[in-house]
Amino acid sequence: MFRRIVQLGTLISTSVFSADHWAFQPLKPGKEASIDEFIQRKLSEHGLKPSPRADARTLLRRATFDLTGLPPDQSDPADLTDQAYASLVDSLLASPHYGEHWARHWLDVARYSDTKGYVYAREEKNWVHATSYRDWVVRALNDDMPYDRFLLLQIAADQVVSPKSPDLAAMGFLTVGRRFLGVTHDIIDDRIDVVTRGTLGLTVACARCHDHKFDPIPTRDYYALYGVFQSSAEALVPCGTGETKELAVLVQKNRDLMTQRREEQMARTRARAADYLQALSELEKYPEEGFDQIIDEKDLNPFIVHAWKAWREKHPTTQPTAEVLKRDDSPAHVPDEHIANNERYFPTGVITELWKSQGDVDRFLIKNNATPAHATILVDRPLPSTPRVFTRGNPLTKGDEVPRQFLSAFGKPTPFTKGSGRLELAQAIIDPRNPLTARVMVNRIWQHHFGRGLVSTPSDFGKQGSPPSHPELLDWLAQRFIDSGWSIKAMHKLIMLSQTYQQRSDGVVESWREASQHSTTPTLQFSAAKQLDPDNRLLSRMNPHRLSFEEARDAWLAAAGRLNLRMGGRPDALFASSNTRRTLYALVDRENVPTVMRTFDFANPDLSIPQRTETTVPQQALFGMNHPFVVQQAKSLVQNAAAAKSDEARIRLIYAKLFQRSPTSDELAFAQRFVQADTTPVIAEADHSKSWHYGYGEWDESTGRVKNFKPLPHFTGSAWQGDEAWPNEKLGWAQLTADGGHPGNDRKHAVVRRWIAPAGGSYDLHSTLIHEPEVGDGIRGFLSHSRLGKLRSTTLLGSKADLQLDAIAFQAGDTFDFIVDIGNGLNSDQFLWSLKITPSVTTITGAGGDSPNDTWDAKKDFSTLLKSQLNAWEQFVQVLMLSNEFMFVD
C-alpha cells in the first residue's frame, strides 16, 4: 500500500491535521472486534438490549431490497440459517441488479440528470454523455471497483486511462451538472461542491464569498480549487470503439467550422491590436461579466478586452507585434476547445452558428444507437491559470493570487505542479491518510442500510453537521474499508452479517417493558423510557423504511410479471406505454421532473443530494388509487393469476407475488368473501367523462370537418399529449389539458376536443376561446358538427371570442369537435377554452340525460382515461399493492 501511495505522489502531511474538529483527525478505531460489540456496548451504557433476530421472510425482503432494490423472487422461506443467510447476501452482491440499485444512491450525490436544465434554444438540451456515465457507475459497482479508483476515475480519468477507454465515461461526475447558461463561475462552483461534499463531506462552496463561518476552510482554499477547474476544459470524446461515416462527416464539419471561425477571430483581434490597447484606458465601456451582451463582428469584444488587460499586467513592457500576437499565450489567441469553453471569444452570430454545428453532432449521437458511446470529460489546458480570490465572491473585484493546491485543513499544502492539478487533487482525496474519504463513504453505505448514517448529515462532516453517534465504530469501519482494498461489497457484507442489521424492527416494546421493570414510580418509569432512545440512534432495533419511488414502481412491475430487466442504454419516458424497464432507466429532465417523482421525494437533480426526505402526503395515495400505471399493474397481476384452479389458489398466488408469503386464515377468508361479492359500485352522480375524447387531426375547410381524427396517445396526469416528454418527436407541442392546451407544430396536427352526444335532442353551447400572448400570429379555432359541418370559426391574437350556440340538433352518437390549430407559424400558440354543454329543452330522448339540468363541463369532466370500474379481483389487488406491508420494508 505504501509503495502505491508513493507512486501516486500523495500530498498530505502524515503528521499534522491543523483543524481540531473530530472529522479532520486521523482515524482512531476502537478496540472492539465487530460491529455488534460497538453497538452492544453503547446499548448497555443506556440500559438497553438488542432486539431478537428477524424472521426468515423479513430478512429475505430486507436484504433483497437493500442490495438490489427489487422484491425477492422466492416466498415463505422455512428458515434462514446463518450459513444460508450469508449465501443469500453473496448471491445478491453478485447480482447485476445490485449495481443498478446502488448506482441510484451515488447518482443522487452526483446530481445526475439526462438534461442540462434551462439552456439557450441554440444549444441541445440533452446531455450526450449522461447515459454513458450512469451505465459506467452500474458496471463499476457490479465489478466492485475499489472505491479509491472509483473516485480517481471520476475526477481525473483523462490522465490515467487510454483514449477511447470506457472508463472515460466516469468523468460525468464532474460534467453532468447544470449548464448555468454557460456562466463559468457557477459551473466551477458546482464542480467544487460535488467533489468536496460528495467525497469529503465538506461544504467548501460556502467559502466562495468569505472564509467558511464554521469550518477551517478559508476563501483562499476555495479559489485554489477554483483554479484547478478553471485550468480544465470540457471535451466530447468517444469512450468506445467504432464509428459511422455520417458521424465522421458531422464531426469533421464541426471541427473545420471551429478552426475557420477561430482563425477569423484571431485575425480580427490582431488587426485591431491598437483599438484593444486603447480600450484599456476606458474599461468602464467593456463590462467583464456581460453574459447577456450581443456582440457584432465590428465590435470590440469585452471578454477579449479583459484578456488584453490580463496580458498587459503580465507583460508590461512587451510590444504586441505580429509575432507576439501569434503565440498561444497572447491576448489574440482563441483556444482550440469545445464551444462550451470558448464561446465568449466570438460574436453572437458566430456563437449561434457554432452551437448549431455542435448540436448536429450531439443530436446524431443521442438518436443513433449504432454510434460509439461518448463522454464529456475535462482535459488540462496547455497553460494552466493561477487563480485570484474574488473579493466577496465578485469576479470583478479580484484579490490576491493563490496557488492551485489541496485544502489547508489537512496540513500545509504543496502547490500542484502537474497541469491543472486535477490528478493531484484526486490523489489527495483518495490518500488512505486522508481521514475523511473513507469515513464519508462508509457512512453513506451505513445510511442506506439503516436509514440514517452514524453521522446523520452525510455530506457535511463539518462543525455544522451532526457528530457521529458511534465515533469509534465509524473509524473502525473506515479502517476496515481501507484495509479491504476499498471494497464496497466487503463493507456491505460486514454490515449485513452483523446481528445489529438482522434485528427485528419492533423490539422497542420488549426493551421498554424490560427497562420499566426496574422502575416503580411514574417519574422513574418516564426517565427509563426517555433513555430508550425514541429515535433509535443507538440501534436497539432495526429501522423500517418506505420503498423509494424507484423501488415501488419496480416492485409493482415485478409483481405484475411485466418488469423488463434489460440493462443499460438510453432512457425512456417514465410512463411511456412501452416502458416497463427499471426506473433507473427513466428519463430525468432537470427542467421537468415528473410530478409523481417529486411527490415521492425523488432527489433534486440540480444539487448533490446525500439523502432523500421521506414524506407522507395525500398525493402519494391519490397516485396509487388513480394513476393508470398502478391500475395496469393490478390488472396484469389478476390476469396472471387467472389460471389458478380455485379462488383460494389464486389468492395465495397473489399474496406470494406481493408479500412473499401465504395469507393467514383470516386474510384468506376475507379475500374470498370480497372477491365473491363483486357488486357493481353505485355512482353518486352522472359520469360525463365518457362523453369526451382527446385527439388531433387536420382541419379540412372544404368539408368543415377534421380529417383523420386520432386519439392523443399519452396522459401525464394533467394533460393528453404525444408522449411523456413535451414537446416530443411524435406530435410536437400538441397537448390538451382540462381548461385549454396547445396545437401541434403545423396545421396537420390541430388539437381536437371531441364531445359525443349521449342522446338525441337539442343542446346549447356556452364557451369562450382565449389566446393571451400578443406575440406570434395567433391561432385558429373551429366548431364542427359531425353531420352539420362547420358551425363557427375564429382567428385570435392576444384576444378572446365568445363562441355560443343555441339549440343545436343532435342524434345519439353525433360528435361535436372543438378544434385549434396554429396561425401561419408556430409561436406562442397556447390557448384556454372553457366549454359547457347543456340540454336546451327539458325533454331529451333516449337515456342520456339524468335530469333536465345535466351539464357537460369540459374542465370538470376532464379525466385521466375513459373511466372503467375495476372488478372485485382488481380492486383487491390494487388495495394490496398500496398496503403498508408492500410499501414498507421491516
Side-chain angles (χ1 to χ4, degrees), residues 99-100 102-117 119 123-143 145 147 149-161 163-180 187-199 228-229 232-240 338 340-341 358 361-362 365-366 371-380 420 422-423 425-426 429 567-571 584-590 603-609:
E100 292 178 310
W102 280 79
R104 184 62 260 179
H105 295 321
W106 183 255
L107 294 177
D108 284 0
V109 174
R111 78 271 188 254
Y112 177 85
S113 173
D114 294 293
T115 67
K116 302 173 183 177
V119 294
E123 184 175 350
E124 169 55 43
K125 75 170 189 174
N126 294 290
W127 282 123
V128 171
H129 65 294
T131 293
S132 300
Y133 175 61
R134 179 201 64 208
D135 291 349
W136 179 87
V137 174
V138 173
R139 288 195 304 272
L141 293 174
N142 275 333
D143 294 342
M145 178 182 287
Y147 181 64
R149 183 162 181 82
F150 182 73
L151 293 185
L152 177 68
L153 291 174
Q154 291 185 82
I155 299 171
D158 61 306
Q159 300 180 53
V160 295
V161 300
K164 297 188 178 181
S165 166
D167 285 332
L168 289 171
M171 296 191 73
F173 179 67
L174 297 177
T175 60
V176 83
R178 284 175 61 194
R179 173 53 66 193
F180 294 98
I187 293 172
I188 291 177
D189 181 75
D190 174 63
R191 290 171 179 167
I192 291 172
D193 184 62
V194 75
V195 168
T196 56
R197 285 207 299 134
T199 68
V228 170
F229 293 105
S232 304
E234 286 184 23
L236 179 64
V237 299
C239 55
H338 190 283
N341 304 311
Q358 182 63 53
V361 175
D362 293 350
L365 290 170
I366 291 168
T371 59
H374 275 63
T376 299
I377 67 173
L378 297 186
V379 295
D380 284 0
S420 71
R422 251 184 319 106
L423 177 60
L425 171 62
I429 289 172
M567 297 179 64
R570 292 189 170 87
L584 174 71
Y585 302 113
L587 179 76
V588 179
D589 185 345
R590 272 199 172 90
N604 180 354
D606 282 344
L607 304 169
S608 176
I609 301 296

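Worth knowing before you read on, the calculation uses all heavy atoms, side chains too, and leaves out hydrogens, waters and symmetry mates. For clarity, every value in this text was computed on a predicted model and none was experimentally measured.
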Phe173: partners by ring pair (Phe, Tyr, Trp, His ring centres under 6.0 Å), with sequence neighbours left out: Trp106
dist Arg178:CZ -> Thr115:OG1 (nearest 0.5 Å) comes out at 11.0 Å
Is the shortest heavy-atom distance from the side chain of Leu174 to the side chain of Phe229 under 4.5 Å? yes
Kindly write out the residues that satisfy salt bridge (charged side-chain N to carboxylate O under 4.0 Å, His left out) with Asp108, not counting sequence neighbours, or none if the list is empty. Arg104, Arg612
Who are the side-chain contact (heavy atoms from CB on, under 4.5 Å) partners of Asn142, not counting sequence neighbours? Pro96, Tyr98, Val138, Met567
Residues passing the salt bridge (charged side-chain N to carboxylate O under 4.0 Å, His left out) test with Glu234, sequence neighbours excluded, are Arg179, Arg191
Validation row: Gln154, Thr199 side chains within 4.5 angstrom (heavy atoms): no
Can you sort out the partners of Lys125 under side-chain hydrogen bond (donor to acceptor under 3.5 Å, both in side chains), two or more places apart, ordered by chain and number? none
Sorted by first residue and then second, give each salt bridge (Lys or Arg N to Asp or Glu O under 4.0 Å) pair with at least one member in residues 126-140; sequence neighbours left out. none
Can you name the residues that form a side-chain hydrogen bond (donor to acceptor under 3.5 Å, both in side chains) with Thr376, not counting sequence neighbours? His129
Partners of Val160 by side-chain contact (heavy atoms from CB on, under 4.5 Å), sequence neighbours excluded? Leu152, Leu153, Leu423
Taken in chain and number order and not counting sequence neighbours, the residues that satisfy salt bridge (charged side-chain N to carboxylate O under 4.0 Å, His left out) with Asp114 are none
Residues passing the side-chain contact (heavy atoms from CB on, under 4.5 Å) test with His374, sequence neighbours excluded, are Val128, Leu236, Pro238, Leu247, Leu365, Pro372
Can you check whether Asp158's main-chain N or O pairs, donor with acceptor, with Arg422's side chain at less than 3.5 Å? no
Can you tell me how the ring of Trp102 sits relative to the ring of His105, calling it parallel under 30°, perpendicular over 60° and tilted otherwise? perpendicular
Could you list the residues that satisfy side-chain contact (heavy atoms from CB on, under 4.5 Å) with Asp190, not counting sequence neighbours? Arg111, Phe180
Can you tell me how far the CG atom of Leu425 sits from the CD1 atom of Ile429, to the nearest 0.5 Å? 4.0 Å
So, does Ser608 use its side chain to make a donor-acceptor pair with the main chain of Val109 at under 3.5 Å? yes
Ignoring hydrogens and geometry, is there a side-chain-to-backbone donor-acceptor pair from Ser113 to Val588 under 3.5 Å? yes
